[in-house]
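Written out below as structure tokens is the structure these notes cover.
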Number of protein chains: 2
Amino acid sequence: MQYLKIKDEILLQIEAGSLFTSGQKLTSGQKLMSERKLAESFNTTRVTLREALSLLESEGKVYRENRRGWFISPAPLRYDPTNTTNFHNLALSQQRIPKTELINAGMVPADKHIAQLLQIAPQTEVIRIHRVRYLDERPVVLVTHYVLPDRLPHLLSHDLSASLTDIYQQHYDILYQQTHYRIRSSSLVADTAAALRATSGCAAMYIERVNYDQHGQLLDCDLEYWRHDAVIIEARAIRQL
Amino acid sequence: MQYLKIKDEILLQIEAGSLFTSGQKLTSGQKLMSERKLAESFNTTRVTLREALSLLESEGKVYRENRRGWFISPAPLRYDPTNTTNFHNLALSQQRIPKTELINAGMVPADKHIAQLLQIAPQTEVIRIHRVRYLDERPVVLVTHYVLPDRLPHLLSHDLSASLTDIYQQHYDILYQQTHYRIRSSSLVADTAAALRATSGCAAMYIERVNYDQHGQLLDCDLEYWRHDAVIIEARAIRQL
DNA sequence: CAGTGGTCTAGACCACGCG
DNA sequence: GCGTGGTCTAGACCACTGT
């Protein structure tokens, strides 16, 4: 099991500050040396070296950007799906620099899955908003919102790179209150992967939420694909006895 | 991108019921043909075939047991960390056959991480219980409980393959009430992997909980390593406004 | 344009599961 | 003991990144 030894060795050298392309010692976001150089330095082939790196990747220690190389993973964002704090403030409160990029937004017919989540008939027109969110210039999550247009008329005329929570509150007097969420391990494919500069098959954390307002009315749902090393869910709950 | 095509092709053939070792058509837990046969049937090499299978594995469609082969993933268990239902009843309510195996139990000094979770000094003696849980004969999660011995005296004298929740309630009049949980994507290594018949580096869902009783007193914590395709978190939450 | 990562080939050996 | 999965080698070509 050569790749296990190589994996541990890489970890050590990362902590020691070697292995970097540049001479810097920052342990976050730094790029590693090229695979060929790493393979040579461990006296092995690229295949075995990539095995070791993939292991580190699955442990959340390093990550890959498609065709750009391997990087040290920054600390994950602590994310509480039961809290109303928006992404922007959440990131800032953890000393991270947030950015939201609007990919596109418009009306689409709800597919079967979305229709079920929003409790509407399939093919009903809903608002769909695709956004990518960044932490410190790294794309970490692809978020797709599906919004009931009856509840939020003219939503598309607002600045959708801002927080939806804020728009709801300021322009519609609507607050998120109850939420129903699902979390599972998944992977990024095709477009989803590309949006996060990842390769197909990259491990991901999938979070799906259905949100209700302060009157218990269904508002929207959102589907989030996180780079798996970029987030850790953290919540408190009082159990129903 | 041959492996993407092979991946899709395998999915199709699985749904059609081919590719199995036996002639059966059950889509759950079935073993696939050997890698060499699969590689030959797709006219490729084992390396590329394994690339395709790994992709399916990361999508939760198939899983591997160490040196035993590839199997179709059963539907995941829906798991609500805010609910008190024990594993046994949860599984039964979803038409699954549960089994709990006690690996070992005893007193150990708390390491730094456990001490922090339980709010005690490092090296304090606590009860540690290692258990593996099965669904339909498949090991799906390795659970380690760390219990404060002051709160649960003589706990080790009970049958620890039963539900801890039940033991707490029946013998100590203690109920789980509040819980603080963390969820992140992780991977299985060495012993942890072996306990679930997985290989080192296998993707996992890591769940960490700190549990409090009906009086708000800290009781125990538990660390759970799930096979990532075997579980989906599902919870409702009222947000604090 | 040079170098890199992504992908693929065609083998090989070994330890282990299973019959 | 046979076949299997786990691991590893030594190459190769191509598309893309970064300069």
Side-chain angles (χ1 to χ4, degrees), chain A residues 1-10 19-22 30-58 62-71 137-139 187-190 193-194 196-203, chain B residues 1-10 19-22 30-58 62-71 137-139 187-190 193-194 196-203:
Chain A
M1 253 107 80
Q2 190 177 344
Y3 72 91
L4 287 178
K5 290 198 191 76
I6 294 177
K7 184 208 74 168
D8 292 332
E9 189 64 26
I10 291 178
L19 292 193
F20 293 121
T21 291
S22 69
Q30 278 291 309
K31 188 174 186 301
L32 299 188
M33 306 188 323
S34 78
E35 294 180 355
R36 285 174 177 82
K37 280 182 188 162
L38 284 172
E40 192 185 7
S41 87
F42 289 110
N43 204 14
T44 184
T45 59
R46 267 180 75 207
V47 175
T48 300
L49 176 91
R50 281 168 65 90
E51 189 97 8
L53 285 174
S54 297
L55 194 46
L56 286 171
E57 186 184 27
S58 76
V62 304
Y63 68 97
R64 240 191 312 178
E65 295 206 349
N66 199 8
R67 292 191 173 282
R68 304 207 327 120
W70 296 85
F71 302 82
E137 299 298 313
R138 175 191 178 202
S187 70
L188 305 172
V189 284
L196 299 181
R197 300 207 285 257
T199 50
S200 270
C202 180
Chain B
M1 253 105 79
Q2 190 178 342
Y3 73 89
L4 287 179
K5 290 198 191 78
I6 294 177
K7 183 208 75 167
D8 291 332
E9 188 63 27
I10 291 178
L19 291 193
F20 293 121
T21 292
S22 70
Q30 278 292 310
K31 188 173 185 302
L32 298 189
M33 305 187 323
S34 78
E35 294 179 357
R36 285 174 177 81
K37 280 183 188 159
L38 284 172
E40 192 184 6
S41 87
F42 288 110
N43 204 16
T44 184
T45 59
R46 268 180 75 206
V47 175
T48 301
L49 175 90
R50 281 167 67 91
E51 190 97 7
L53 285 174
S54 298
L55 195 46
L56 286 172
E57 186 183 27
S58 77
V62 303
Y63 68 98
R64 238 194 310 180
E65 295 206 348
N66 198 8
R67 293 193 172 279
R68 304 207 326 120
W70 296 86
F71 302 82
E137 299 299 312
R138 175 190 178 205
S187 70
L188 305 172
V189 284
L196 299 181
R197 300 206 285 256
T199 50
S200 271
C202 179

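Numbers restart at 1 for each chain; the letters A, B, ... are given by sequence-line order, proteins then strands.
- Applying the 4.0 Å criterion to OP1 and OP2 of C:dG6, one finds that B:Gln2 has every side-chain N and O outside that range.
- A cation-pi arrangement is not found for A:Arg50 relative to A:Tyr3, the charged atom failing to lie both closer than 6.0 Å to the ring centre and inside a 45° cone about the ring normal.
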| task | Verify side chain to side chain contact (heavy atoms under 4.5 Å, CB included) between A:Asn66 and A:Arg197, making sure each step is shown before the conclusion. | result | CA-CA 6 Å; A:Asn66 199 8; A:Arg197 300 207 285 257; 5.5 Å; no
Could you go through nucleotides 16-19 of chain D and list every protein N or O atom that sits under 3.5 Å from one of its N or O atoms, giving the distance for each pair?
unit_1: D:dG18; atom_1: OP1; unit_2: A:Arg68; atom_2: NH1; d: 2.3

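- At the phosphate of C:dT4, OP1 or OP2 sits under 4.0 Å from a side-chain N or O atom of A:Ser34.
- Taking the ring centre of A:Phe71 as origin, the terminal cationic atom of A:Arg138 falls outside the region bounded by 6.0 Å and 45° from the ring axis.
- Considering only side-chain atoms of A:Thr45, the nucleotide from D:dA10, D:dG6, C:dG5 that sits closest is D:dA10.
- Each of A:Met1 and B:Gly69 was assigned the nucleotide of DNA chain D with the nearest heavy atom; the assignment lying further toward the 5' end belongs to B:Gly69.
- The distance between atom CZ of B:Arg64 and atom P of C:dC16, rounded to the nearest whole Å, is 16 Å.
- Nucleotide C:dG6 holds its C1' atom 13 Å from the CD atom of A:Glu57, rounded to whole Å.
- The shortest distance between the side-chain N/O atoms of B:Tyr3 and the OP1/OP2 oxygens of C:dC8 is not below 4.0 Å.
- In this structure, the separation between CE on A:Met1 and CD on A:Glu51 is 11.0 Å, given to the nearest 0.5 Å.
- Judged as a salt bridge (Lys or Arg N to Asp or Glu O under 4.0 Å), and not counting sequence neighbours, A:Arg36 has no contacts.
- Separating the CE atom of A:Met33 from the C1' atom of C:dG3 is a distance of 14 Å, rounded to the nearest angstrom.
- Considering only heavy atoms from C-beta on, A:Thr45 stays 4.5 Å or farther from A:Leu49 through its side chain.
- No donor-acceptor contact under 3.5 angstrom links the side chains of B:Trp70 and B:Glu57, judged on distance only.
- Regarding B:Glu35, its CD atom lies at a distance of 18 Å from the P atom of C:dG11, rounded to whole Å.
- Taking 4.0 angstrom as the limit, B:Thr44 places none of its side-chain polar atoms (N or O) nearer than this to OP1 or OP2 of C:dC8.
- Taking atom CZ of residue B:Arg50 and atom P of nucleotide C:dA10, one finds them 18 Å apart after rounding to whole Å.
- Distance, B:Leu49 CG to C:dG11 P: 17 Å, rounded to whole Å.
- Within the 4.0 Å cut-off from OP1 or OP2 of D:dG5, not a single side-chain nitrogen or oxygen of B:Thr199 is found.
- Scanning all heavy atoms of the two residues, the minimum distance from B:Pro139 to B:Glu65 falls at CD-OE2, 4.3 Å.
- Each end of the helix from C:dC1-D:dG18 to C:dC18-D:dG1 gets its own axis from five base pairs, and the two axes differ in direction by 20°, given to 10 degrees.
- Under the side chain to side chain donor-acceptor pair (under 3.5 Å) rule, B:Gln2 has a single partner from B:Asn43, B:Thr44, B:Thr48, which is B:Thr44.
- One interatomic measurement links the two molecules: CG of B:Leu53 to P of D:dT4, which rounds to 15 Å at whole-angstrom precision.
- B:Arg36 comes within contact range of at least one nucleobase, with a heavy-atom separation under 4.0 Å.
- Closest of all the heavy-atom pairs between A:Gly201 and A:Ser187 is O-CB, 4.0 Å.
- For C:dG6, the base has a donor-acceptor partner in the side chain of A:Arg46 [N/O atoms by modelled type, under 3.5 angstrom].
- Atom NZ in B:Lys7 sits about 18 Å away from atom C1' in C:dC8, given to the nearest Å.
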